[in-house]
Number of protein chains: 2
Amino acid sequence: MELNEFVEKGHEVYLRHLSIDCVIMGFHDDQLKVLLLKWKENGQWCLPGGFVRKEDSLDTAAARILRERTGLQDIYLQQFHTFGDPARERHKEQFLWPRSMPPGSWMHDRFISVGYYALVEFSQVTPQPDLLTDECHWCDIHTVPDLIYDHNAILEKALETLRMRLNDYPVGLNLLPARFTMPELQRLYETILDMSLDRRNFQKKMLAFGILERLNERKTGGAHKAPYLYRFDRRKYEKALKQGLKFGF
Amino acid sequence: MELNEFVEKGHEVYLRHLSIDCVIMGFHDDQLKVLLLKWKENGQWCLPGGFVRKEDSLDTAAARILRERTGLQDIYLQQFHTFGDPARERHKEQFLWPRSMPPGSWMHDRFISVGYYALVEFSQVTPQPDLLTDECHWCDIHTVPDLIYDHNAILEKALETLRMRLNDYPVGLNLLPARFTMPELQRLYETILDMSLDRRNFQKKMLAFGILERLNERKTGGAHKAPYLYRFDRRKYEKALKQGLKFGF
DNA sequence: TATCATTGTGTTACTACGACACAATAACCC
DNA sequence: GGGTTATTGTGTCGTAGTAACACAATGATA
């Protein structure tokens with residue numbers, strides 16, 4: 001679909017005043033990264049987003065948006081909140097291409113946005129901008145710039161949800177390569193939680209979850225003692241995703 | 001607003017294809033109750049719901065719906081999920097009053113629904129049906145009938161979310177009267193979790209949270225030993241709602 | 001006044017968690 | 001090739017939290 005067609009006829013294809021925003025996270029260089037897009041019109045950054053086709057479910061729409069930005073299919077995707085403040089799209093007029101946006105276009109509507117976050121394997125992603133943007137890059141979670149609308153708040157809420165889930169559900173299968181070391185897993189947790197953890201206690205806790213399998217192989221090439229390689233036991237991992245890692249009562 | 005006006009002109013006031021469904025829960029007779037409405041046209045039961053005015057936020061709309069059904073203001077309200085499967089409104093034609101619903105009405109749209117749950121003090125509620133329903137009653141959570149659309153699934157999701165939150169956040173301030181006994185609080189937890197708990201361990205755990213205050217008064221009138229009365233320390237309760245009761249890492 | 005269900009208040013064993021110490025090792029450098 | 005260095009593997013110990021369990025106190029009832 002071309003930009004013109006999208007602006008003029010999008011409302012025939014998509015549900016009005018409803019959008020989806022995705023917080024796509026990856027892990028690289030011991031840092032948590034988030035995928036951002038750069039708006040054509042004014043150079044500001046935003047989260048990848050899109051709209052819901054009239055015949056699609058929200059989950060389907062989110063999966064499509066993700067596929068279009070990353071090239072990945074079958075991604076771990078989690079709805080976390082729906083944002084519906086009428087004032088959430090601050091300075092919206094700046095983003096509606098004063099030159100090309102017809103005054104009656106559906107893009108001028110107030111939008112309610114459903115937030116999803118995705119955890120992806122960094123190395124597998126091919127970032128791809130969309131119709132409204134000309135750049136698509138990974139950005140370190142600690143140096144995210146001012147984003148358009150309420151996108152900074154959306155990102156924060158996604159992180160908060162992820163941190164919450166960390167207490168009850170495993171994380172890592174979708175963010176790390178198939179085989180990884182315990183220090184790598186620890187640094188993933190440390191960046192998500194934004195705090196440092198005790199190496200020895202962390203290992204004990206992770207192993208106690210019973211979802212890891214130690215391989216008879218060590219990761220060589222580093223400058224120091226070679227750490228063991230681990231992988232997730234996929235069946236137990238999936239089970240933990242459904243049942244949770246612990247019961248409170 | 002009258003029914004005719006609502007059906008014919010609602011789309012001028014409300015956002016199209018967007019609704020809100022509320023799971024309103026109360027506690028009475030040692031049982032968790034949920035507020036249900038009975039559809040005028042075919043007698044089926046459903047969750048209280050409503051629509052979002054073009055100028056309102058989702059939270060505002062949910063609060064208004066709640067006020068209209070319960071008479072209560074300043075209610076504890078929590079968004080938990082947005083339901084957007086295009087097939088979620090099964091047998092919708094049954095509910096659209098074949099006699100009175102104009103074919104082009106906005107009510108025929110596919111609706112995406114934002115789910116909220118509310119915890120209210122049972123005795124304070126005056127159930128009130130809406131334009132589309134003629135009855136509004138409390139129903140025991142264990143004997144909920146078949147509801148319209150995907151409302152049973154929405155209710156289940158609300159309960160699941162509430163059970164999750166129970167591990168990290170306090171519950172009770174909004175469901176119990178101002179002064180209550182430890183056995184009452186325990187039965188609240190037991191009905192929500194649908195499991196029985198050890199009396200002594202439950203008390204220790206609750207007191208350890210540090211949000212309860214024991215009064216120098218006992219609840220008399222029961223057939224047996226008079227239990228102490230407690231109340232929540234409102235400041236500490238609010239703090240626990242924000243920070244959570246425990247940190248996982 | 002005896003009965004009885006229910007409440008208040010422990011104890012004990014076990015597990016989980018945080019703080020901490022020391023030996024092993026892979027690359028590096030002289 | 002052997003010492004250096006940063007990092008990894010594995011443990012201990014004290015504390016806090018949890019689950020299972022026992023007995024005395026009490027308030028209405030009979």
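The structure displayed is predicted, hence computed values, not measured ones. A, B, ... follow the sequence lines: proteins, then strands. Residue 1 opens every chain.
Atom-to-atom, CD of B:Gln186 to P of C:dT6 comes out at 12 Å; the value is rounded to the nearest Å. For the pair B:Met182 CE and C:dT9 P, the interatomic distance rounds to 10 Å; values are reported in whole Å. Distance B:Lys225 NZ to D:dC23 P: 16 Å, rounded to the nearest Å. B:Leu229 has its CG atom 14 Å from the C1' atom of C:dG8, to the nearest Å. Rounded to whole Å, the distance from NZ on A:Lys219 to P on D:dG9 is 13 Å. With rounding to whole Å, A:Phe209 atom CZ is found 11 Å from C:dA16 atom P. Atom CG of A:Asn167 and atom P of C:dA16 are 16 Å apart (whole Å). Atom NE2 in A:His224 sits about 16 Å away from atom C1' in D:dG9, given to the nearest Å.
Between A:Asp21 and A:Gly49, the closest heavy-atom pair is OD1-CA, 3.8 Å. Nearest heavy-atom pair, A:Pro170 versus A:Ile211, reported as atom, atom and distance to 0.1 Å: CB-CD1, 3.5 Å.
Proximity of a side-chain donor or acceptor of B:Arg69 to a complementary backbone N or O of B:Gln128 within less than 3.5 Å is detected. Formation of a donor-acceptor pair under 3.5 Å by the A:Asp233 side chain with backbone atoms of A:Lys236 is found in this model.
Taking only side-chain nitrogens and oxygens, B:Thr220 never comes nearer than 4.0 Å to OP1 or OP2 of D:dT26.
Taking the ring centre of A:Phe249 as origin, the terminal cationic atom of B:Lys205 falls inside the region bounded by 6.0 Å and 45° from the ring axis.
Scanning for side-chain contact (heavy atoms from CB on, under 4.5 Å) contacts around A:Arg200 gives A:Asp198, with sequence neighbours left out.
Between B:Ile141 and the choices B:Leu159, B:Asp194, B:Thr191, the side chain to side chain contact (heavy atoms under 4.5 Å, CB included) rule is met once, by B:Leu159.
Map A:Gly222 and B:Pro227 each onto its nearest nucleotide of DNA chain C; the residue landing nearer the 5' end is B:Pro227. Both A:Ala223 and A:Ala208 lie close to DNA chain C; mapped to their nearest nucleotides by heavy-atom distance, the more 5′-ward contact belongs to A:Ala208. The residue among B:Arg218 and B:Lys246 whose nearest nucleotide of DNA chain D lies closer to the 5′ end is B:Lys246.
Remark: B:Arg199, B:Arg200, B:Lys204 in residues 189-206 of chain B come within less than 4.0 Å of DNA chain C through at least one heavy atom.
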